[in-house]
Amino acid sequence: MRELNIYQRNGYYNREDYLRCMSEDYCVPYDVVHAMADKLGRDEEFDGLVEAVKNYEGGDGERCLRVSLKTDPYRSRGYIDRTEYLQDMSMKHRIPLSYVEKFSDILGASRDFDGLDRLLSLIGELI
């Protein structure tokens with residue numbers, strides 16, 4: 001089994017995904033976050049960079065993070081995005097991802113957390 005890199009161990013796909021999430025979470029432009037990360041170095045990406053981004057004058061710090069977690073139902077439940085959630089549902093219910101995606105599309109994303117899980121449970125019992 002392939003060893004996870006530091007970004008994957010912290011719930012991100014890679015460095016770019018991590019920096020984009022930092023940018024979105026703290027309402028700081030991506031190019032600013034990227035420049036800060038390059039200046040501080042990779043050893044500081046999960047310490048010093050977080051503090052630097054939180055304290056950036058043009059950003060909105062903690063308030064922006066709380067808003068982004070409230071408004072993104074997947075991130076607030078610990079998933080990076082809808083794709084990761086659907087992959088998890090596919091593995092949990094042992095149903096091919098393409099089917100899970102189609103069922104989710106039929107139900108609509110707003111029903112992913114209640115209707116989709118129940119539907120997949122029922123289908124899992126039938127097959």
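This is a predicted model, so every value here is computed, not measured.
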E51: which residues meet the salt bridge (Lys or Arg N to Asp or Glu O under 4.0 Å) condition with it, sequence neighbours left out?
K54

Partners of Y30 by ring pair (Phe, Tyr, Trp, His ring centres under 6.0 Å), sequence neighbours excluded?
H34

Close side-chain approach of M89 and I95, heavy atoms under 4.5 Å:
no

If you count heavy atoms of other groups shown closer than 6.0 angstrom to CZ of R9, is the number above 12?
yes

Which value, rounded to the nearest 0.5 Å, describes the distance between K102 atom NZ and I106 atom CD1?
8.5 Å

CG of D117 to OG of S104: how many Å apart, nearest 0.5 Å?
11.5 Å

I'd like to check F46 versus I6 (side-chain heavy atoms, cut-off strictly below 4.5 Å). Are they in contact?
yes

Quick check: closest heavy atoms across E101 and L86, and the distance to 0.1 Å?
CG-CD1, 4.0 Å

Between L19 and L49, which heavy-atom pair has the shortest distance, and what is it?
CD2-CD2, 3.7 Å

Considering only NZ, NE, NH1 and NH2 on the basic side and carboxylate oxygens on the acidic side, decide whether E16 and R20 come within less than 4.0 Å.
yes

Would you kindly confirm whether V50 and V32 end up in one hydrophobic cluster when ILVMFWY residues are joined by side chain heavy atoms under 4.5 Å apart?
yes

Residue pair Y13 / N5: nearest heavy atoms and the distance that separates them
O-ND2, 4.3 Å

Applying ring pair (Phe, Tyr, Trp, His ring centres under 6.0 Å), name anything that partners Y12, two or more places apart in sequence or on another chain.
Y18

So how far is it from T83 OG1 to L97 CG, rounded to the nearest 0.5 Å?
8.0 Å

Go through V28 and M22 one step at a time and tell me if the side chain to side chain contact (heavy atoms under 4.5 Å, CB included) criterion holds.
CA-CA 8 Å; V28 174; M22 290 286 292; over 6 Å; no

Quick check: closest heavy atoms across M36 and A52, and the distance to 0.1 Å?
CE-O, 3.9 Å

Tell me the closest heavy-atom pair linking D47 and D43, and the distance in Å.
OD2-O, 4.3 Å

Could you report the tightest heavy-atom contact between S23 and P29, atom names first, then the distance?
OG-C, 3.6 Å

Apply side chain to side chain contact (heavy atoms under 4.5 Å, CB included) to residues F103 and I123 and explain how you reach the verdict.
CA-CA 11 Å; F103 294 138; I123 292 170; 3.4 Å; yes

Determine the interplanar angle of the Y79 and Y85 rings, folded into 0 to 90°, and report it as parallel if under 30°, tilted if 30 to 60°, perpendicular if over 60°.
perpendicular

Given L120, which of R94, H93, E125, K92 fulfils the side-chain contact (heavy atoms from CB on, under 4.5 Å) condition?
H93

With a 4.5 Å limit on heavy-atom distance, are the side chains of Y7 and D17 in contact?
no

